[in-house]
Amino acid sequence: MSKSKIVIGNWKMNKSFDEAEDLITTIEESLADYQLETEVVLCPPAIYAELVTDHASLEDSRFYAGLQNVSEYDNGAYTGEVSASMLASMDVDFCIVGHSERRKYFGETDTVVLKKMRQLLDQQLIPVMCCGEILEDRKSGRHQDVVKAQIEATLYELTPEQMERTMVAYEPVWAIGTGETATPAQAQEMLAFIRSLIEKKFGTEVAYNTYILYGGSCNAANALSIFSQPDVDGGLIGGASLKADEFIKIIEAAETAGKDN
Ligand code: PEP
């Protein structure tokens with residue numbers, strides 16, 4: 001049985017309130033005509049969460065609400081932080097964790113990533129755990145070792161039940177926001193490798209059911225060839241999710257790839 005694809009838009013720290021509202025409305029109107037099997041998740045900056053949850057909660061909504069980050073702590077005196085229970089109380093369903101920008105600019109380690117995943121899982125949210133190697137690691141052939149270490153330090157610490165509620169996004173750091181995309185073969189090779197790691201620890205069924213996405217300069221032109229790879233369950237989209245027409249084309253590619261698989 002084939003799985004439907006998932007396309008997640010990561011807006012990062014972009015858009016004014018009005019622009020965010022425009023983008024959501026345009027995406028919603030554009031998707032209204034589709035009978036989609038592809039699941040769509042929009043991850044705006046946290047301050048705009050309600051804009052997305054308001055739309056996502058509509059009965060005929062075509063997308064889910066997600067965010068880009070969450071606190072590793074429960075609640076209390078952590079100025080500037082947003083807790084998983086707050087996300088849950090606003091009906092946010094998904095949250096990205098361990099994005100390479102958070103690892104690089106905010107010192108997020110695998111230990112912190114794991115804490116954040118547990119916070120989200122405790123609140124019944126779906127973590128989208130990002131992993132990926134830097135260019136040096138790819139050039140020296142260490143890319144699988146790096147990703148394996150990230151997976152072992154995070155996913156391997158989950159219970160099987162928690163793993164079943166977790167998604168993974170492979171995002172080679174050298175491809176994020178650079179315009180340089182992994183080839184479909186590189187994406188497939190790494191996603192199959194990640195799936196094999198999950199299988200080793202959690203078994204074949206969990207590994208098959210786990211959504212593993214590709215992210216890194218994915219756009220309307222390259223999405224279909226990447227999404228058509230057997231282990232690619234969809235995409236985490238940064239820059240191209242900021243333009244409604246481009247994002248819709250990526251969703252169309254996911255839909256086509258999902259039907260052809
Ligand atoms: C991302 O930030 O998750 C991402 C994939 O960015 P981009 O698509 O812009 O490379």
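One-based numbering, in listed order, for ligands and for the atoms of each. Nothing fancy with the numbering, it's 1 onward along the sequence.
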Any luck finding a side-chain donor-acceptor pair between [X] and [Y] under 3.5 Å?
X: E133; Y: W174; value: yes
X: N75; Y: S83; value: yes
X: N222; Y: T181; value: yes

Open item on the list: Going by the closest heavy atom to atom 9 (O) of ligand 1, which one wins out of G239, A240, C130, A169?
Closed with: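 The residue whose heavy atom sits nearest atom 9 (O) of ligand 1 is G239.
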
Open item on the list: As a check for students: among Q68, H99, E180, identify the option with a heavy atom nearest to atom 1 (C) of ligand 1.
Closed with: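 That would be H99.
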
Go through ligand 1 atom by atom and flag the ones less than 4.0 Å from a non-hydrogen atom of [X].
X: G216; value: 5 (C), 10 (O)
X: N10; value: 1 (C), 2 (O), 3 (O)
X: A175; value: 10 (O)
X: L236; value: 3 (O), 5 (C)

Task: Residues, nucleotides or ligands: over 12 heavy atoms within 6.0 Å of K148 NZ - done: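 Not more than 12 within 6.0 Å, no.
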
Open item on the list: Surrounding CD of E205 (heavy atoms of other residues, nucleotides or ligands, distance under 6.0 Å), is the total greater than 12?
Closed with: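 Atom CD in E205 is not crowded, with 12 or fewer foreign heavy atoms closer than 6.0 Å.
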
Task: Protein heavy atom at shortest distance from atom 4 (C) of ligand 1 - done: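 I find the closest protein heavy atom is G238 N, 3.6 Å.
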
Task: Protein heavy-atom partner closest to atom 3 (O) of ligand 1 - residue, atom, separation in Å - done: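 Of every protein heavy atom, E171 OE2, 2.7 Å lies nearest to atom 3 (O) of ligand 1.
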
Open item on the list: Check the orientation of F202 and Y156. Use parallel for under 30°, tilted for 30 to 60°, and perpendicular for over 60°.
Closed with: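 Perpendicular.
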
- [ ] Check if S217 has a non-hydrogen atom at a distance under 4.0 Å from any atom of ligand 1.
- [x]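 The answer is yes: ligand 1 sits under 4.0 Å from a heavy atom of S217.
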
- [ ] Look only at interatomic distance and state if G177 has a nitrogen or oxygen under 3.5 Å from any nitrogen or oxygen of ligand 1.
- [x]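 N/O-N/O distance below 3.5 Å exists for this pair.
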
Task: Carboxylate-amine/guanidinium proximity below 4.0 Å for K259 and E255 - done: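 A salt bridge is present here (some side-chain N lies under 4.0 Å from a carboxylate O).
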
